[in-house]
Amino acid sequence: MKVLIVDDQTLVLLSLKKWLTDLGYEVQTASNVVDAITEYDKFLPNLVITDMNMPIMDDSNYSYNQDAFIEDAPGLEIVKHIKKENNDNIPVMFLSGNTTEDIISRGFELGAVDYMKKPVSLSEIGARVKRLIGAAKIYNTNAVIDLNNNRYIQKGCVGIVIPCYNEEKRLLGEEFKTFVRKNLGYHICFVNDGSKDKTLEVLHELRKGHEDYISIYNCEKNGGKAEAVRLGMLHLAAQNEYDYIGFLDADLSTDFDDFQDLTTTIFTTDFQIVSGSRMSRMGANITKESARAIISKTINFIIRKTLGMEINDTQCGAKIMTKEIIESTFQDKFLTKWLFDVEIFMRMKKVYGSKKAQELICEQPLKRWIHADGSKLSMKDSVKIVGQIFQIAIHYR
């Protein structure tokens, strides 16, 4: 039993190919429409699983007649090739985050037989494949197959940058590994910021067995958190894999559940940056040291006046954004070590203007934020921050 999977995101292809291969199916993949049609004619699969939205071809220099393709959903071209041009009776299943009724209807009119909306679990995909073409012999006898699998193909692919400096004792390895195992479509990039302890060794050990979903960007010299985040964000933005890219603190003071809420917001709105906010509110578990809380409120007040924008918590270490924001605000080094979040917003004001910038930013309250012991930011550093705020104000005025 042969299955052709078509999707432009490598993480989706890797996850789905492994799952179906472990179930006993022979699997081939393609990442664009032209390659999918070529592979179909060569591979002659029993089933095709395809996304609706993907590039026609990876090579931007390829010359083709745009009018000959279905512009708003090129993936439908694969169905048209199979059903209309080849007159084949091979079942085609859509696996897509596209929920446009007109496009889905056109897909079924062309001859598709099933549609699965992302996010969707691997176990459900396996069950639908079995219903359409039957079960396959388990070729991979060493595969551990959990038919109650709760791992999910996400709506899109998200990169997460985790800056690390001397985090040997604070890195919660199991939490990171559990997250990428369960949530297919997320990639974590740890940036080792010239750590002097065994952080790099811990990261390499953490990555073992999860190489497709966890990577390490190693900086030989310590450049500070701002530079570590900047380099990590630019590193992921240079790849075509990710729809959105964000960052989190290594201590997971903001946890993955809250980060996924930020992800959902940016996927379902027109905001270009969604920033977590540690606002104390009913039902939220937000804890800070009392002295730290007072200093934070004071600093936030000064920052709001400097920004001229009513952002309650610029310094929350959980944000997700589009590549456009990264390309327009991360190219140059940040002036300050700790206030690069403020600089991101200031740079957005320079690029888009104050009114438009505020329309692109969403500040979303967190359900949980716990101050972790071992923070690199001391009370003395907090006092220095006030001077850095004025430095930013002068530079970006």
Side-chain angles (χ1 to χ4, degrees), residues 11 154 157-239 241-263 266 273-276 278 315-321 326 330 334 337-338 340-341 344 366 368-377:
L11 292 179
Q154 302 299 322
C157 289
V158 175
I160 307 176
V161 172
I162 311 283
C164 301
Y165 177 66
N166 292 347
E167 299 286 357
E168 172 191 351
K169 296 180 180 179
R170 292 205 306 171
L171 278 172
L172 305 175
E174 284 306 315
E175 292 195 28
F176 294 110
K177 288 187 285 188
T178 298
F179 178 76
V180 294
R181 276 198 300 262
K182 182 177 178 180
N183 299 283
L184 308 171
Y186 284 89
H187 180 95
I188 296 176
C189 176
F190 290 99
V191 180
N192 178 46
D193 185 25
S195 298
K196 295 178 173 59
D197 62 1
K198 296 182 179 180
T199 295
L200 187 57
E201 295 176 31
V202 171
L203 291 176
H204 280 299
E205 187 63 31
L206 188 157
R207 186 172 181 248
K208 285 183 180 177
H210 303 83
E211 287 81 3
D212 292 325
Y213 306 98
I214 296 176
S215 60
I216 301 169
Y217 186 97
N218 186 43
C219 303
E220 294 293 335
K221 295 182 179 180
N222 174 248
K225 180 180 178 181
E227 185 64 359
V229 171
R230 190 182 77 88
L231 292 174
M233 298 290 278
L234 290 173
H235 171 67
L236 292 185
Q239 305 172 39
E241 176 68 20
Y242 309 105
D243 297 296
Y244 300 98
I245 303 170
F247 56 87
L248 279 175
D249 290 331
D251 58 20
L252 292 181
S253 50
T254 300
D255 63 17
F256 283 121
D257 288 341
D258 265 319
F259 187 83
Q260 286 183 292
D261 287 343
L262 303 185
T263 300
I266 203 166
I273 180 168
V274 181
S275 179
R278 299 162 293 183
Q315 300 312 106
C316 178
K319 291 178 176 62
I320 185 168
M321 61 197 73
I326 297 170
F330 280 74
F334 295 108
K337 181 179 180 181
W338 297 108
F340 68 95
D341 311 71
I344 293 171
L366 303 175
R368 170 194 175 275
W369 186 86
I370 306 296
H371 169 68
D373 292 334
S375 171
K376 305 299 184 302
L377 183 63

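The first residue of the sequence shown is numbered 1, and numbering continues consecutively from there. Everything numeric in this text was worked out from a predicted model, so none of it was measured.
Atoms SG and CD1, from C157 and I245 in turn, are 11.0 Å apart once rounded to the nearest 0.5 Å. Note that NE2 of H210 and NE2 of H187 are 12.5 Å apart. Values are rounded to the nearest 0.5 Å. Rounding to the nearest 0.5 angstrom, the gap separating the OG atom in S275 from the CG atom in D341 is 7.0 Å. Between C316 atom SG and L262 atom CG the span is 7.5 Å, to the nearest 0.5 Å. Taken from CG in D249 to CD1 in I162, the straight-line distance is 8.0 Å, to the nearest 0.5 Å. Here the straight-line distance linking atom CG of L236 with atom CD1 of I188 works out to 11.0 Å at 0.5 Å rounding.
Looking at heavy atoms from C-beta onward, V274 lies out of side-chain contact with Y244 at the 4.5 angstrom threshold. Put simply, the side chain of F334 does not reach to within 4.5 Å of the side chain of V229, judged on heavy atoms. With a 4.5 Å cut-off on side-chain heavy atoms, L231 and F330 do not count as touching. Residues F190 and I214 meet the side-chain proximity criterion, which asks for heavy atoms closer than 4.5 Å. Side-chain atoms of R230 and M233, non-hydrogen and from C-beta on, never get closer than 4.5 Å to each other. The side-chain heavy atoms of T199 and L203, taken from C-beta on, include a pair separated by under 4.5 Å.
Across all their heavy atoms, R207 and S215 have their closest contact at NE-CA, 3.5 Å. I326 and L234 get closest at one heavy-atom pair: CG2-CD2, 4.1 Å. Listed here is the closest heavy atom pair of V191 and G232: CG2-CA, 3.7 Å. Of all non-hydrogen atoms in P163 and A250, the two that sit nearest each other are O-CB, 3.6 Å. Between K196 and N166, the closest heavy-atom pair is N-OD1, 2.7 Å. Contact between D193 and K225 at its shortest, heavy atoms only, is OD2-N, 4.0 Å.
In this structure, the ring of F247 has its center less than 6.0 angstrom from the ring center of F340. A ring-centre distance under 6.0 Å is not found for F256 and Y186.
Of the options I266, T263, L11, a side-chain contact (heavy atoms from CB on, under 4.5 Å) to V158 is made by T263 and by none of the others.
A salt bridge is absent between K169 and D197; no separation between the charged side-chain nitrogens and carboxylate oxygens falls under 4.0 Å.
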CA sep, side-chain torsions, deciding dist, call: F176, L252, side chain to side chain contact (heavy atoms under 4.5 Å, CB included): CA-CA 9 Å; F176 294 110; L252 292 181; 3.8 Å; yes
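Counted within 6.0 Å of CD on E211, heavy atoms from surrounding residues, nucleotides or ligands total more than 12; the atom is thus considered enclosed.
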